[in-house]
A.B. asks: 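Once you've had a glance at the structure underneath, I'll fire off some questions.
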Amino acid sequence: MLPIQLFRQNKDLVLDGLKKKNFKDLDLVDKIINIDEQRRKLQVENDSISAAVNVASKNIGNLMAAGKKMEAEELKNDVAKNKEKAKEIANQLSELEKEQFDAIIVLPNLPHSTVPFGKTPEENEIIKTGGIIPVLGADKLPHWELAAKYGLIDFELGTKLTGSGFPVYMGQGARLQRALIQFFLEYNINAGYKEYYPPYMVNEATAYGTGQLPDKEGQMYVTKEEGFYLIPTAEVPVTNIYRDTIIAEQDLPVKMTAYTPCFRREAGSYGKDVRGLNRVHQFDKVEIVQLTQPENSYSVLDGMVAHVENLLQLLGLPYRILRLCGGDMSFASALTYDFEVYSAAQERWLEVSSVSNFEVFQANRMKIRFKEGTGKTQLVHTLNGSSLALPRIMASLMENYQTNDGINIPLALQPYFGSEKIK
RNA sequence: GGAGAGAUGGCAGAGCGGUCGAUUGCGGCAGUCUUGAAAACUGUUGACUGUUAUAGGUCCGGGGGUUCGAAUCCCUCUCUCUCCGCCA
């Protein structure tokens, strides 16, 4: 949620940002500013009545103690009148507050100045390409066929147990999955991230904090009795660890990592997009989250991008890094870099990580603040990224490293996997 | 699932209708003393809103009520703890 101060101080900045994000309903900005002015006027009125009532109440107490009952009664009448007026104002006030909130909550975050203009994924900016795309023979197989050939993943079995999009990993496939999780976590921990193992279900307040609610309600699974949401990413519980807290400045940056399964309903997808591991309802991911001072957040973002890039290099996968355009960015993000790896049998790029700076957008909702040296409290910037999402890494590893007699395991992964090759 | 107790500032813990945003202790910060540190002593130490700045207003788990006035009384919800039952 955008801080209201921004509207008062820099309306043009808000408007320009919203345009870049292709937000249509720009009239909301003026509406919010108007409401805010009215609201504050009423607030002042309300406060002065409260002040009068407070003084009168104290006087009544004193008069009663002095035995001047008549005068006390008179004052009581005054107070009663004031309170009637106050009630009216309070009603208007809460109405305005709600109106303001409803208007401001639907506004997306403002994009960073480096975010390119654009509406569709095609307009994302490719800022870097790395690694070498392997040359495969004509008999190359897509990962779903490799999965069947070596008995690594059973998609139909998952359909039997649950439904489509819930693959069952088995044997060497399950082991590869476990090895990747371990590898990613260790890599993050070595870079100074603290490991967390959070709940896989969260309550409404938590889902709201990171912006899943009210924006993406339909994308999450919900439990029937409790109304808990199955997490679509570890970002949700992990960032919320610091909800409603004031962090000492010397404890920044806070660096957290967590492995969790992720659950996404992803209604409306079809065709080659959902084939095999390309898009599933349950998948594993290792996430990194940082909370920082505002002035550091963009260098921290660069650091996280380098961190994820290095991980892909260790796996020897061909990758590219995209800076998302305004129209393709998520609701809450100010700047997002997507990482895609090339899956050499499908001959397509697959998104495996998304690294974003949310600036104060999430922190404002969650009231995550820090205390400066001067004693002033202000909102932190929140950042997160995947390092990494598992299924598409699996897909690309399988396809790119396939040989006639098996699938090679990259060197960096071998200590975790326990052998050099899947046969 | 059954029975009982409780939720107050970073933590511990008082307050049970009026000058309480809240006694006190610990912790934190600053100072005195010291070559330095510790100890001791002194002072200071919540958040939000708001004003040019003062001021003012709000907040004692959430919501509602009684009252001129509520942390204090009533209702309700949520959560925590203790005991019993059940269970991996």
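Numbers restart at 1 for each chain; the letters A, B, ... are given by sequence-line order, proteins then strands. Values reported hereafter were calculated over all heavy atoms of this structure, with side chains retained and with hydrogens, waters and symmetry mates removed.
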A.B. asks: Between rC87(B) and rG1(B), how many Å separate the two C1' atoms, rounded to a whole number?
C.D. replies: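 These two C1' atoms come out 12 Å apart once rounded.
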A.B. asks: Whole angstrom is fine here: how far is it from NZ in K68(A) over to C1' in rG18(B)?
C.D. replies: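 Distance check: K68(A) NZ to rG18(B) C1' gives 17 Å.
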A.B. asks: With a 4.0 Å cut-off, would you call K20(A) and D16(A) a salt bridge?
C.D. replies: no
A.B. asks: Which part of the nucleic acid, if any, lies within contact of A56(A), taking any heavy atom under 4.0 Å across all strands shown: a base, the sugar-phosphate backbone alone, or nothing?
C.D. replies: nothing
A.B. asks: Without hydrogens or angle criteria, can the side chains of S333(A) and S330(A) be said to hold a donor-acceptor pair below 3.5 Å?
C.D. replies: no
A.B. asks: Does D27(A) come within less than 4.0 Å of K31(A), counting only side-chain N to carboxylate O?
C.D. replies: no
A.B. asks: Contact class for N54(A) vs. all strands (heavy atom < 4.0 Å): base, sugar-phosphate, or nothing?
C.D. replies: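 Sugar-phosphate contact only.
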A.B. asks: Can you tell me if T377(A) touches the phosphate of rC48(B), counting only side-chain N or O atoms and a distance under 4.0 Å to OP1 or OP2?
C.D. replies: yes
A.B. asks: Phosphate oxygens OP1/OP2 of rC48(B): is one of them under 4.0 Å from a side-chain N or O of R369(A)?
C.D. replies: yes
A.B. asks: Please measure how far the C1' atom in rA37(B) lies from the corresponding atom in rG25(B), and state the result in whole Å.
C.D. replies: 25 Å
A.B. asks: Could you give the CD1-to-C1' distance, from I246(A) to rG28(B), as a whole number of Å?
C.D. replies: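 It works out to 14 Å between those atoms.
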A.B. asks: Less than 3.5 Å between a donor and an acceptor, one on the side chain of D47(A) and one on the base of rG57(B), is that the case here?
C.D. replies: no
A.B. asks: Rounded to the nearest angstrom, tell me the gap between atom CG in D244(A) and atom P in rC59(B).
C.D. replies: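 Computing the D244(A):CG to rC59(B):P distance gives 18 Å.
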A.B. asks: So, H381(A) versus E359(A): side-chain donor-acceptor pair below 3.5 Å or not?
C.D. replies: no
A.B. asks: Could you give the CG-to-P distance, from N59(A) to rU19(B), as a whole number of Å?
C.D. replies: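 My rounded result for the distance is 13 Å.
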A.B. asks: Say we look at rA71(B) and rC16(B): how far apart would their P atoms be, to the nearest angstrom?
C.D. replies: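 So the two P atoms sit 13 Å from each other.
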A.B. asks: Expressed in angstrom and rounded to an integer, what is the separation of R40(A) atom CZ from rG50(B) atom C1'?
C.D. replies: 9 Å
A.B. asks: Within the structure, does a side-chain N or O atom of K367(A) lie under 4.0 Å from either OP1 or OP2 of rA47(B)?
C.D. replies: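 No, outside the criterion.
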A.B. asks: Take atom P in rG65(B) and the same atom in rU72(B), then report the distance between them in whole Å.
C.D. replies: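 Looking at atom P only, rG65(B) and rU72(B) are 14 Å apart.
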A.B. asks: Heavy-atom distance under 4.5 Å between the side chains of Y169(A) and M394(A), does that happen here?
C.D. replies: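 They are in side-chain contact.
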A.B. asks: Between A80(A) and I4(A), which has a closest nucleotide on RNA chain B that is more 5'?
C.D. replies: I4(A)
A.B. asks: What is the distance, to the nearest angstrom, from the CD1 atom on I247(A) to the C1' atom on rG46(B)?
C.D. replies: 17 Å
A.B. asks: Using a heavy-atom cut-off of under 4.0 Å over every strand shown, decide if S50(A) touches base, sugar-phosphate, or nothing.
C.D. replies: sugar-phosphate
A.B. asks: How long is the line joining CD1 of I368(A) and P of rA47(B), in whole Å?
C.D. replies: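 Answer to the nearest Å: 18 Å.
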A.B. asks: Give me the distance, rounded to whole Å, that separates rU35(B) from rA47(B) when you measure between the C1' atoms they each carry.
C.D. replies: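 Those two atoms are separated by 42 Å.
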A.B. asks: Roughly, in whole Å, what's the span from CE in M366(A) to P in rA47(B)?
C.D. replies: 21 Å
